[in-house]
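One structure below.
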2 protein chains.
Amino acid sequence: MTRPTVRDIAREAGVSLATVDRVLNSRPRVRENSIRLVQDAVEKLGYVRDVSAANLAKRKEYRFAFIIPDSRSKFVETILAALNEVKQVPGPDRISVDTILAPADDANATARILTGLDVQRFDGVAIMCPETPQVRDAVIRLKQAGLAVVALVSDLPSSRRDHFVGVDNKAAGRTAGALMGRFLCGKQGKVLVVSGSLLSRDSIERRFGFDGILAERFPSLVVLPTVESRNDNYRLISIVKQVMTAHRDILGIYALGSGNSAILDALRATGRIRSCTLIMHELTEITRAALEADEVDVVIMQNVGHLVRSSIRVLRAYSDNTPIVDSQEKIRIEIVTKENLVEL
Amino acid sequence: MTRPTVRDIAREAGVSLATVDRVLNSRPRVRENSIRLVQDAVEKLGYVRDVSAANLAKRKEYRFAFIIPDSRSKFVETILAALNEVKQVPGPDRISVDTILAPADDANATARILTGLDVQRFDGVAIMCPETPQVRDAVIRLKQAGLAVVALVSDLPSSRRDHFVGVDNKAAGRTAGALMGRFLCGKQGKVLVVSGSLLSRDSIERRFGFDGILAERFPSLVVLPTVESRNDNYRLISIVKQVMTAHRDILGIYALGSGNSAILDALRATGRIRSCTLIMHELTEITRAALEADEVDVVIMQNVGHLVRSSIRVLRAYSDNTPIVDSQEKIRIEIVTKENLVEL
DNA sequence: CTTGACGTGAGGTACGTAACTCACTAAATC
DNA sequence: GATTTAGTGAGTTACGTACCTCACGTCAAG
């Protein structure tokens with residue numbers, strides 16, 4: 001009834017413990033035939049390696065680094081908070097997580113940090129940054145050094161990252177578009193899209209999804225050219241004010257990412273808040289308060305706690321070649337309204 | 001830099017390993033003063049027990065039982081599938097999960113199963129069933145026997161369950177109501193609510209939340225008396241057909257739980273599908289297909305994988321008195337549209 | 001003074017696995 | 001024929017913790 005151990009395998013296969021160990025850890029110097037004997041015994045007895053005992057014996061420590069942009073963005077703050085929470089709680093497994101802040105808006109600096117990373121010190125890296133050729137090269141180097149690499153929030157598809165932990169941003173944009181269309185009830189008018197920076201892949205994909213569904217299903221809505229904040233909130237406030245004054249028939253605003261606070265300020269200043277349907281991304285203290293105040297209609301989010309924990313599970317799985325439970329690691333596009341907002 | 005062990009504590013406190021062990025496991029025969037010495041050393045060195053090593057030494061196995069209603073409901077099927085998935089993947093911890101099917105619609109039989117449960121064989125139980133006095137008494141017995149008990153999907157508040165794993169159903173109802181109201185764009189008309197059984201607490205709470213928000217924010221919509229399926233799909237189809245014919249001004253339908261398939265069939269038969277705004281609960285093969293076919297507007301769901309994994313984590317935490325990460329265990333009310341539907 | 005309960009230390013074994021050494025055989029190579 | 005090498009078994013130590021036994025000292029009640 002109790003789980004079989006290596007000893008049972010050895011007995012069943014008729015080989016010694018050492019041979020079982022050699023096979024299980026794919027060490028050399030084992031005859032093909034013995035390998036098969038052991039494998040058959042494993043199969044027959046349903047042996048599964050006791051990971052915690054193995055890690056204990058190996059004194060294995062997983063050391064992971066999270067490369068996070070050093071921006072004052074509220075979304076990044078929630079990610080850092082989630083990372084801190086993970087660090088507080090001593091998991092059953094010996095995992096250490098280092099958070100490394102990389103200058104935001106400077107992909108080269110990020111690439112340099114990646115290149116300078118001591119590959120001896122880490123088993124895996126989670127990277128949140130836009131993809132550039134330099135970043136791609138740095139990731140390839142990390143992979144070659146044997147580290148597990150996951151892309152966080154924004155994908156790095158052309159690099160050899162092992163995994164992407166984040167939402168399907170095109171689908172997120174489509175979701176935002178569908179809700180915008182439904183909420184506007186077939187009215188004729190304009191929709192404004194506001195972006196942090198159109199350089200980052202996630203913004204582009206969201207925009208693409210949003211435009212697509214509006215064109216398909218809500219042709220009565222006209223999407224205005226995207227307003228870009230370039231991470232300058234003062235600039236953003238004035239541009240949004242200007243646009244809102246110029247276009248009195250703007251019915252809805254879709255905020256692709258950063259700049260939520262500035263957009264809200266601009267709308268409050270122009271008195272257009274609550275008369276516009278507002279859809280924003282990421283649940284932060286700003287958007288939470290705006291939801292509660294009925295200023296924002298919907299927030300599209302990804303659960304940062306899940307993001308961080310999933311990254312760690314995936315990094316661990318890659319660094320010791322164990323399978324991944326896809327359904328657990330799939331990051332959902334969550335739709336948050338005032339009603340299903342979770343407290344705290 | 002490496003984690004302190006019991007040895008370090010013993011050295012720091014100036015006592016023997018045995019004494020440290022006695023203190024850490026709160027065994028008798030230790031002087032007050034020695035207890036304090038050890039506790040101070042633990043604090044100073046930041047010692048945290050290595051749970052996997054401890055479990056290894058204890059040959060501890062967590063044995064959990066899941067009591068699940070034996071209905072042909074698609075939602076229950078997805079829960080069983082999630083349970084099976086968990087059983088397949090051998091976690092790092094030695095956890096065994098038994099699924100026990102209890103007759104649906106027979107709370108007494110469920111109570112009898114709980115009463116008959118061998119308290120020696122299990123460390124914890126997750127229970128999905130409506131609350132009755134018999135169930136409450138059975139839960140109290142389990143608690144007294146030292147088992148951890150969580151309520152799954154539907155809460156058992158008056159029993160002494162340790163934890164509830166599921167969504168806030170009143171908030172789920174409010175969410176459904178708010179979406180229904182927004183999607184109906186201020187039109188005047190009727191809304192139909194269909195329930196599996198109004199006995200179960202989750203249905204009542206959803207209905208309550210739904211009615212509340214419609215009354216508050218969408219007074220132009222009239223909610224018809226609830227149609228109850230009593231888990232009889234043929235009956236449900238004919239009632240829904242009848243109601244739909246009698247009331248030509250039904251604009252929306254809110255399905256509180258079971259019977260989704262019958263409702264869809266009835267609407268298809270009466271040709272009212274797609275002309276009604278339809279909001280249903282739980283993502284199953286039925287509702288998924290209906291979402292993809294644009295027959296359902298929104299599905300409100302709880303992630304069953306999360307539900308099951310969270311239950312297990314919580315049961316484990318309660319059975320060895322370790323803290324719970326609230327943010328990880330909070331089950332979210334997920335809003336699913338065709339656009340943010342995840343594949344598979 | 002004896003008895004016994006209490007408090008403590010020393011030391012051991014065990015859990016399941018990893019990783020190592022040493023010894024040995026059989027076959028291949030020199 | 002001597003040397004190497006691949007393949008194997010036997011055995012040991014270690015990881016961090018639990019839990020056990022035994023011995024010993026202290027102190028108070030009988």
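So you know, we letter chains A, B, ... as the sequences are listed, proteins then strands, and number each from 1. Given the structure is predicted, the values throughout are model-derived calculations rather than measurements.
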(request) Run the salt-bridge test on Glu131(B) and Arg136(B) with the 4.0 Å N-O cut-off and return the result as yes or no. (result) no

(message) Salt bridge check, Lys74(B) against Glu282(B): does any charged N sit closer than 4.0 Å to a carboxylate O?
(response) no

(request) Please report, rounded to the nearest Å, how far the P atom of dG7(C) is from the CG atom of Leu37(B). (result) 15 Å

Name each donor-acceptor pair under 3.5 Å that joins a side chain in residues 60-70 of chain A to protein atoms two or more places apart or in another chain, with its distance.
| residue | atom | partner | partner atom | Å |
| --- | --- | --- | --- | --- |
| Tyr62(A) | OH | Asn55(A) | ND2 | 3.4 |
| Tyr62(A) | OH | Asp320(A) | OD2 | 2.3 |
| Arg63(A) | NE | Arg121(A) | O | 3.3 |
| Arg63(A) | NE | Asp123(A) | OD2 | 3.4 |
| Arg63(A) | NH1 | Gln120(A) | O | 3.2 |
| Arg63(A) | NH1 | Arg121(A) | O | 3.3 |
| Arg63(A) | NH2 | Gln120(A) | O | 3.4 |
| Arg63(A) | NH2 | Asp123(A) | OD1 | 3.1 |

(request) Decide yes or no for Asp137(B) and Leu114(B): does some side-chain heavy atom of the first lie under 4.5 Å from some side-chain heavy atom of the second? (result) no

(request) Taking atom types as modelled, find out whether Arg49(B) and Asn25(B) have a side-chain donor-acceptor pair closer than 3.5 angstrom. (result) yes

(request) Scan nucleotides 8-19 of chain D nucleotide by nucleotide, 5' to 3', and note B when protein non-hydrogen atoms come under 4.0 Å of the base, S if they reach only the sugar-phosphate, - if neither. (result) BBB----BBBSB

